[in-house]
Structures are given as C-alpha cells and as structure tokens.
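All figures in this text were calculated on a predicted structure; none of them were measured in a lab.
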Amino acid sequence: MIKVCGMREPDNIRAVEQLGIDWLGFIFWPDSSRYVAAPPAYLPQRAKRVGVFVDASRDEVLQHVADYQLDIIQLHGHESHDYVQALRTDVPLIIKAFNIATSSDLEKAKPYEGLVNYFLFDAKGKSVGGNGTQFDWSVLNAYHGQTPFLLSGGIGPDDAERVKAFRHPKCIGIDLNSRFETKPALKDIQKLTTFLTQL
C-alpha cells in the first residue's frame, strides 16, 4: 500500500492518483509548508483521502472530515488516549503517528493499541513530519504490537530496493512525501513513476 502525503495542487492530485496510489494525504496543520487552507478544485475520487492533523480540536477535525469527505484521519501530534477515544465514534479510520529514533520510542505507541486502526512510524526531525530524514528501520524489530503500521520518514527515489528488503509482519505500506517533491506540496510525477516501477 502506498500513501503519498502533502498534496495540495489540483492537477498534481489528479496526476498522482492516476499512478494508482492508494491513499493521498492532505495536511491541515497551519505551520506546515504543505498546509491546505481550502478544498482544492480536484479531490481524489478513487484514492482514499487522508487528513493530517497536529493537536487540532475535535470540532476542527470533524469539520474537515465533512468538508473534504475524509476517509481516514492521521493524528501527528500529542493527542491523548482520551482525545482519540472521543473521536472514534465520529470519524472513519484513524492513524496515529509517532516519531521514532530508538526502540524506546516505540513505547509511546502502546497506549493506543486497540484504539486506532493504524500506526505510522516517522523519523524525528525539526518538524512533526515532512523532514526528508530517515531513521534506522531495524529499530522496528522491537515492535511487537498488533496494530498494522506504515513506514514513513524520508523515503526517497533511490530507496526502492531498501523498501523491498524491509520485512515486518505488521508493515502494510509506505508513506512518501518531501523527497518526491519539486517544491512543497508539488510531487514529481516522473520520480514517483520510476520508484513505483522499481517496487
């Protein structure tokens, strides 16, 4: 499963979707260079729509779910167990993201087992995501949870073989973003096409 995050431009959204991408992510965190302030003229019709939030209010999340007809929400901040529990009844699928550097960082995911549908393991960086940096994927050998996860963090055009070599029984896919861009929120279709062909 392939998720491409940080989408904003209508023609680019359409072109990326036509590559057969499964999930397309829209970032609703105002501090992001990929922030989506209003619905683009084109939103994916086949690919699942993922809304990315960072410590947003419950009302804000629900408003975006309605405005963008989101299929999935991704929580990339310090959202508490109780906050997620309160959202569960009103939103579709939930991804909880965690920034990982060492195996001890995986402990942060344990309280969310059985509460969310997916985890996303990203690299630690200056921003909460989209830093273009990787972490040591072997750290994930220490993850023994039951929640499926997406692998994220600086996966780039030259990483197809590394992705293919990665094995974990709970890994369901990868998340691509900044290293496939010509500028923030604009994906390079040729780079994505080549990468997907190699995969």
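Residues Lys191 and Pro157 share a closest heavy-atom pair of CD-CG, 3.9 Å. Of all the heavy atoms in Arg58 and Leu87, the pair that sits closest is CG-CD2, 3.7 Å. Considering every non-hydrogen atom in both Lys124 and Ala101, the closest pair reads CD-CB, 3.9 Å. Taking each heavy atom of His76 and Asp122 in turn, the nearest pair found is NE2-OD2, 3.5 Å. Contact detail for Ser152 and Asp175: the closest heavy-atom pair is OG-OD2, 2.9 Å. Here the closest heavy-atom approach between residue Leu186 and residue Glu9 is recorded as CD1-CG, 3.9 Å.
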**OP:** Apply side-chain hydrogen bond (donor to acceptor under 3.5 Å, both in side chains) to the pair Gln74 and Lys3, showing each step before the final yes or no.
**Re:** CA-CA 12 Å; Gln74 178 176 317; Lys3 172 176 174 273; 2.9 Å; yes
Original post:
What do the steps show when you test Thr194 against Gln198 for side-chain hydrogen bond (donor to acceptor under 3.5 Å, both in side chains), and what is the final call?
Top reply: CA-CA 6 Å; Thr194 301; Gln198 290 171 344; over 6 Å; no
Subject >> salt bridge (Lys or Arg N to Asp or Glu O under 4.0 Å) between Lys110 and Glu107, intermediate numbers included >> reply: CA-CA 6 Å; Lys110 285 186 177 179; Glu107 294 295 314; 3.3 Å; yes
**OP:** Show your reasoning for whether side-chain contact (heavy atoms from CB on, under 4.5 Å) applies to Leu150 and Trp23.
**Re:** CA-CA 11 Å; Leu150 282 80; Trp23 295 355; 4.0 Å; yes
**OP:** Any chance you could lay out the salt bridge (Lys or Arg N to Asp or Glu O under 4.0 Å) test for Asp159 and Arg179, step after step, and finish with the verdict?
**Re:** CA-CA 11 Å; Asp159 290 323; Arg179 291 186 64 197; 3.4 Å; yes
Original post:
For Ile100 and Leu106, what are the C-alpha separation, side-chain angles and deciding distance, and is it a side-chain contact (heavy atoms from CB on, under 4.5 Å)?
Top reply: CA-CA 7 Å; Ile100 304 295; Leu106 293 167; 3.9 Å; yes
Original post:
What do the steps show when you test Val16 against Leu192 for side-chain contact (heavy atoms from CB on, under 4.5 Å), and what is the final call?
Top reply: CA-CA 8 Å; Val16 172; Leu192 278 170; 4.0 Å; yes
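Residues Tyr83 and Val61 are in side-chain contact: their nearest non-hydrogen atoms beyond the backbone lie under 4.5 Å apart. Looking at heavy atoms from C-beta onward, Pro92 lies out of side-chain contact with Ile72 at the 4.5 angstrom threshold. In this structure, the side chains of Val84 and Val116 come closer than 4.5 Å at one or more pairs of heavy atoms. Using a 4.5 Å heavy-atom threshold, the side chains of Leu199 and Ile2 count as touching. When side chains are defined from C-beta on, Asp105 does not count as touching Asn99, because their heavy atoms never get closer than 4.5 Å. Residues Leu196 and Thr193 fail the side-chain proximity criterion, which asks for heavy atoms closer than 4.5 Å. Put simply, the side chain of Cys5 does not reach to within 4.5 Å of the side chain of Val50, judged on heavy atoms. Side chains of Lys187 and Asn177 form a contact here, defined as non-hydrogen atoms less than 4.5 Å apart.
The NZ atom of Lys96 sits 10.5 Å away from the CD1 atom of Ile73 when rounded to the nearest 0.5 Å. Here CD1 of Ile94 is found 6.5 Å from CG of Leu115. Values are rounded to the nearest 0.5 Å. Rounding to the nearest 0.5 angstrom, the gap separating the SG atom in Cys171 from the CG atom in Leu140 is 8.0 Å. Here CG of Leu75 is found 11.0 Å from CG of Leu120. Values are rounded to the nearest 0.5 Å. In this structure, Gln63 CD and Glu60 CD are separated by 9.5 Å, a value rounded to the nearest 0.5 Å. Taking CD1 of Ile21 as the reference point, atom CG of Leu24 lies at 7.0 Å (rounded to 0.5 Å).
In the hydrophobic clustering of ILVMFWY residues, with side-chain heavy atoms under 4.5 Å counting as a link, Leu176 and Phe98 come out together. Under the 4.5 Å side-chain contact rule for hydrophobic residues, Val163 and Val4 share a cluster. Hydrophobic cluster membership is shared by Leu19 and Ile155, with clusters built from Ile, Leu, Val, Met, Phe, Trp and Tyr side chains linked at under 4.5 angstrom. Residues Met7 and Tyr35 do not share a hydrophobic cluster, clusters being chains of Ile/Leu/Val/Met/Phe/Trp/Tyr side chains in contact below 4.5 Å.
Phe166 and Phe149 have perpendicular rings, their planes meeting at more than 60° on a 0 to 90° scale where under 30° would count as parallel. Ring orientation note: the planes of Phe53 and Phe28 are tilted relative to one another, at an angle of 30° to 60°. The aromatic rings of Tyr68 and His64 lie parallel to each other, with less than 30° between the two planes, well short of the 60° mark.
Annotation: Lys183, atom NZ; neighbour count of heavy atoms from other residues, nucleotides and ligands within 6.0 Å does not exceed 12.
In summary, the side chains of Asp59 and Ser57 do not present any donor paired with an acceptor at a separation below 3.5 Å, with no hydrogens or angles considered. Side-chain contact check for Glu79 and Tyr112: no donor-acceptor pair (N or O, by modelled atom type) lies under 3.5 Å.
Both tests pass for Arg162 against the ring of Trp137: distance under 6.0 Å to the centre and angle within 45° of the axis.
Listed for the Asp55 side chain is a donor-acceptor partner under 3.5 Å among the backbone atoms of His78. Of the possible polar contacts, one joining the Arg49 side chain to the Pro44 backbone as a donor-acceptor pair under 3.5 Å is found. Under the 3.5 Å distance criterion, the side-chain polar atoms of Arg34 are left unmatched by any main-chain donor or acceptor of Phe26.
Phe121 and Tyr143 have their aromatic ring centers within a separation under 6.0 angstrom.
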